[in-house]
Amino acid sequence: MGYVIVKRDDVARRMVLSPRVADILSDLGRASDASSVGHHPSVRTGRRSGKSSSDDDINNSSDPDPDEDAAQTSWRPAHARFALRCEPPYLRVFSAQQLVTEIPECLRARRRLLKSKLKEDEMLLSITQFPLFGATTDIHIDGQGPMNGPLLRSQLLSDDCLHQIPPFALEIEGIIERRGDVPYTAVPVFHDTNTPWPFVDPGLSPAALDFGILRLPDATAGSGSGSGGSRDRDSGCAMGVYGKNGPTSAAAMNGSGPAMTNLAQGRLFDMFQSGPAPASPLLDIPSNRNSLLLDSPLFGVGSGGVLRVTLCAADLDEARILYDHLAPISAIMIALTAGTPIVRGYLTDRDSYWDVQCSAVDDRSAQERGFAPLTTAKGKLMKSRFGTIDSYLGPGPNSKDMSFNPQYNDMYYTYDSGANMTMMDSGIDKELSQHVSRLIIRDLHYATAKMLRDRDDATRSRSNGQEHFKRFLGCNRQNVCLYPPNTRTCSGWEVEFMSLEVQLTDDENAAFISFIVLLSRVIISYSLNLYLPISLMDQNMARAQSVNAAKEQLFYFRRDLFSGRDGKQSGPGLISRGVNGSSQNDTHARDDVVGATVPGSGVPRHQHLGTGSPDTAEYVELTINEILNGSPTHKVTGLLTIVLSYLPSMGLEYKAEQALRRQLVLIRRRASGKLCTLATWMRNFVQKHPDYHHDSVVSPTVNYDMLRTLNEIEEGRVAAPELLDVTLPRA
């Protein structure tokens, strides 16, 4: 989990970021140098790590002191000097009792501890991004220096924003160097009543950026970029959004056909495909037409709050099940936790920051993205190293689970053929070996001398390569991540769920943590089948980031969650409804009414399009309310309904079970539309503010009032019943 430190000026009604994280970490007795980055949190002793706890453990754990637990939390700096991270050890061990007693109290204790280290004019916020970060109309960080510094090379951010310790500086430099130039991305602006249209970014234009012009490699200069010289890698190109059309010849761009040969290294790299070839995600140069431009990787990594849930699996087979079946839930959770409608001081046409994060750190070069023929690159890479997964792992080779179908992996991905063959020759199955070899296809942003040593000088023991491999994992962050056992901490197989935006209050964060943990247990205990084709999962992720997606969007979802494990699937087909994935009808007016008619129209809410019977189709478009709370019309059992039915089997004491049910009420009400997301609350606050001119601009005074109100809501001094119902009744 992560936090942002802001400094307020009550006289001028201004908020700026406070670059005092190093001082705060020092007060906490924690280092803020390279030694504090990249280490696995310690595992709590008392039970052998790597073993999944059973329900017998739930009432046998002693309740630790939350303040003591907060003091023992792994506090670490983030890439930005105003953000910090914390990873508590107890998240590595599952206990239902912890969901009730430890997590909420420890979240509050950690916040209390951090607040005790703040100055009087500082505030601690758990938000994904500071709304004015990168704004050109006013300073956004205390002590802001000149732009275009040698580290970030940004016209929007000064080097004062970066925590200048080697791992962070090297990672930013690695992204820029690998790309060939600074990547930048476009974020669509919200079109309000008085927004100048077409909108032109007043702070940054591609015409002002030397690297905004696409440079194809000179055929006579090897892989040299437009800046001259020869490189070992291919040239850089401008960052952009997905184009509508792919290359004119897929074969010419090595998108299909025989294996690709890397002449520079003499190794083969395969482009895997199953099913028809999709359109290439060739990216256009970003335009400032109706969009804001961001020109630094720091917009995408380490500059805001985060919320990640790490689940410890009993073994690799269980980890593979969790990895596969949690991935399709990512879009649902992004929409439910959306909290970033403002970027660079403008209301945007997005509620979530997911795509911005993935694009800002996209280091793929011209060749890897299909702009130039392959000469030195390993292959064409269809996605950023930060994004959704390329493929499912499938169950282990000895598993009796038959729910996985290779056709679910219906998108292209490139992998290292040599590494794949080595692993398969050693007995590793195809899906797992290709998963690892597609990670190795992307080189590291940096590697320290210690990581590359064959022996450890301190212990004189031979390195097992674990730290080096961990760097590959750290450089590839998807919506779910798989981590092998760690010999240093004796932790077991882990799956990290990445698709949550951090929430304003500790109660909200605890509720979403509890839901993901309980859902993981339900997936294992009830053998749920949540598989979606990767292409449908990617469409869901795009829909989840639109404005008010939690209430208005439709998402592809598996109709029958209990079929398929025995190899017998429900009927074929896909049922679509609405227009372009959006629900034109308000299905959230009442939680207990599903399948009614739209008032005044007589038109059924469910208009079936596509193939298959509504009662037997394998996939169907549903609202989040229907996905979580159920849909009698489509005979879909809601995920939250299944989770609630699982609670009695856990053997919890009555008070503990009721406490868990009260936590899940927030999820249920947000899914039904009775509670709004943070993004919706922020958008409504801005649009109702007297200083807002309905031109999409969020002024410093509006930002000041909004953040101060959010801080008061978090502290319980201001009620916000539309965002957080503090009188949660029993579920």
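T414 contributes a side-chain N or O that, together with a main-chain N or O of K380, makes up a donor-acceptor pair within less than 3.5 Å. In this structure a side-chain-to-backbone donor-acceptor pair under 3.5 Å is present from D295 to Q155. For S546 (side chain) and R543 (main-chain N/O), a donor-acceptor pair under 3.5 Å exists by modelled atom type. The closest donor-acceptor contact from the side chain of T348 to the backbone of P341 lies under 3.5 Å. With hydrogens and angles disregarded, no donor-acceptor distance shorter than 3.5 Å links the side chain of N711 to the backbone of L707. The backbone N or O of Y413 sits nowhere less than 3.5 Å from a side-chain atom of D390 that would complete a donor-acceptor pair. A distance-only check finds a donor-acceptor pair linking the side chain of S514 to the backbone of A510 [under 3.5 Å]. For the pair E626 (side chain) and T623 (backbone), a donor-acceptor distance under 3.5 Å is present. Side-chain N or O atoms of D362 include none that pairs as donor or acceptor with a backbone N or O of S384 at under 3.5 Å.
Under the rule for a side-chain contact (heavy atoms from CB on, under 4.5 Å), the partners of R385 that lie at least two apart in sequence or sit in another chain are R178, D363, R442, D443, H445, C475, N476. Scanning for salt bridge (charged side-chain N to carboxylate O under 4.0 Å, His left out) contacts around D695 gives an empty result, with sequence neighbours left out. In this view, H191 and W197 satisfy the ring pair (Phe, Tyr, Trp, His ring centres under 6.0 Å) rule, not counting sequence neighbours. In this structure, the salt bridge (charged side-chain N to carboxylate O under 4.0 Å, His left out) partners of R708, at least two apart in sequence or on a different chain, are D10. Partners of E722 by salt bridge (charged side-chain N to carboxylate O under 4.0 Å, His left out), not counting sequence neighbours: none found. Take F557 and apply the ring pair (Phe, Tyr, Trp, His ring centres under 6.0 Å) test, not counting sequence neighbours, and it matches no residue. Annotation: salt bridge (charged side-chain N to carboxylate O under 4.0 Å, His left out) contacts of D192 (sequence neighbours excluded): none. Taking P198 as the reference, R289, N290 meet the side-chain contact (heavy atoms from CB on, under 4.5 Å) condition, with sequence neighbours excluded. Under the rule for a ring pair (Phe, Tyr, Trp, His ring centres under 6.0 Å), the partners of Y392 that lie at least two apart in sequence or sit in another chain are Y531.
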**Prompt:** Under the side chain to side chain donor-acceptor pair (under 3.5 Å) criterion, do T505 and E508 qualify, and how do the steps go?
**Reply:** CA-CA 5 Å; T505 67; E508 292 171 284; 2.8 Å; yes

**Request:** For the pair N409 and S391, evaluate side chain to side chain donor-acceptor pair (under 3.5 Å) and give the outcome as yes or no after the intermediate values.
**Result:** CA-CA 5 Å; N409 292 333; S391 63; 4.6 Å; no

**Message:** Checking L723 against T680 for the side-chain contact (heavy atoms from CB on, under 4.5 Å) test, could you report, in this order, the C-alpha distance in whole Å, the side-chain angles of both residues, the deciding distance, and whether it holds?
**Reply:** CA-CA 9 Å; L723 175 66; T680 297; over 6 Å; no

**Prompt:** When you look at S699 and D691, which way does the side chain to side chain donor-acceptor pair (under 3.5 Å) test go after all the steps?
**Reply:** CA-CA 8 Å; S699 67; D691 291 347; 5.4 Å; no

**Message:** Could you walk me through whether Y408 and I534 satisfy the side-chain contact (heavy atoms from CB on, under 4.5 Å) test, starting with their C-alpha distance in whole Å, then the side-chain angles of each, then the deciding distance to 0.1 Å, before giving a yes or no?
**Reply:** CA-CA 6 Å; Y408 295 148; I534 295 291; 5.7 Å; no

**Item:** side chain to side chain donor-acceptor pair (under 3.5 Å) between T195 and S696, intermediate numbers included
**Value:** CA-CA 6 Å; T195 305; S696 304; 2.5 Å; yes

**Request:** Quick one: do Y619 and L536 satisfy side-chain contact (heavy atoms from CB on, under 4.5 Å)? Show the steps, please.
**Result:** CA-CA 10 Å; Y619 314 111; L536 294 185; 4.3 Å; yes

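V502 and G2 make their closest contact through CG2-O, 4.2 Å (heavy atoms, listed as atom of the first residue, atom of the second, distance). A pairwise comparison of heavy atoms in P188 and S291 identifies CA-OG, 3.8 Å as the closest pair. Closest approach of A549 and A544 over heavy atoms only: CB-O, 3.4 Å. Nearest heavy-atom pair, I389 versus Y323, reported as atom, atom and distance to 0.1 Å: CG2-OH, 3.2 Å. The two residues N479 and A327 come nearest to each other via the heavy atoms ND2-O, 3.5 Å. The heavy-atom pair separating L311 from S520 by the smallest distance is CD1-CB, 3.7 Å.
A 4.5 Å side-chain heavy-atom check between H689 and M706 finds every atom pair outside the cut-off. Between I624 and N629, the closest side-chain pair of non-hydrogen atoms is not below 4.5 Å. Side-chain contact between V189 and L292 is present, with heavy atoms from C-beta onward closer than 4.5 Å. With contacts defined as side-chain heavy-atom distances shorter than 4.5 Å, the pair L724/L666 qualifies. Between R477 and M498 there is a side-chain heavy-atom pair separated by less than 4.5 Å. The shortest distance between side-chain heavy atoms of M541 and I334 falls below 4.5 Å. Counting heavy atoms from C-beta outward, L293 and V187 have side chains that stay 4.5 Å or more apart. Here the side chains of T677 and R670 are in contact, with some heavy-atom distance below 4.5 Å.
One finds a salt bridge joining R558 and E618 here, because a Lys/Arg side-chain nitrogen approaches an Asp/Glu carboxylate oxygen to under 4.0 Å. Electrostatic pairing of R179 and E368 does not count as a salt bridge here, judged by no charged N lying under 4.0 Å from a carboxylate O.
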Show the atom names and distances, to 0.1 Å, of all donor-acceptor pairs under 3.5 Å that link a side chain in residues 126-135 to residues at least two apart or in another chain.
unit_1	atom_1	unit_2	atom_2	d
S126	OG	R111	NH2	3.1
S126	OG	Q503	O	2.7
S126	OG	L504	O	2.9
T128	OG1	E501	OE1	3.1
Q129	NE2	S303	OG	3.1
Q129	NE2	Y353	OH	3.1

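For residues 332-351, the pairs satisfying salt bridge (Lys or Arg N to Asp or Glu O under 4.0 Å) are D201-R344, D351-R683, with sequence neighbours left out. Pairs passing the salt bridge (Lys or Arg N to Asp or Glu O under 4.0 Å) check and including a residue from residues 529-539, sequence neighbours excluded, read K383-D538.
Atom CE of M123 and atom CG of L710 lie 8.5 Å apart (nearest 0.5 Å). Within the model, atoms CZ of F299 and SG of C161 stand 8.0 Å from one another, a figure rounded to the nearest 0.5 Å. In this structure, the separation between OH on Y704 and OG1 on T709 is 9.5 Å, given to the nearest 0.5 Å. Considering CE of M411 and OG of S535, their distance stands at 6.5 Å, rounded to 0.5 Å. For the atom pair CG (L639) and CG (L530), the distance works out to 6.0 Å, reported to the nearest 0.5 Å. Atoms OG1 and CZ, on T337 and F512 in that order, are 6.0 Å from each other to the nearest 0.5 Å.
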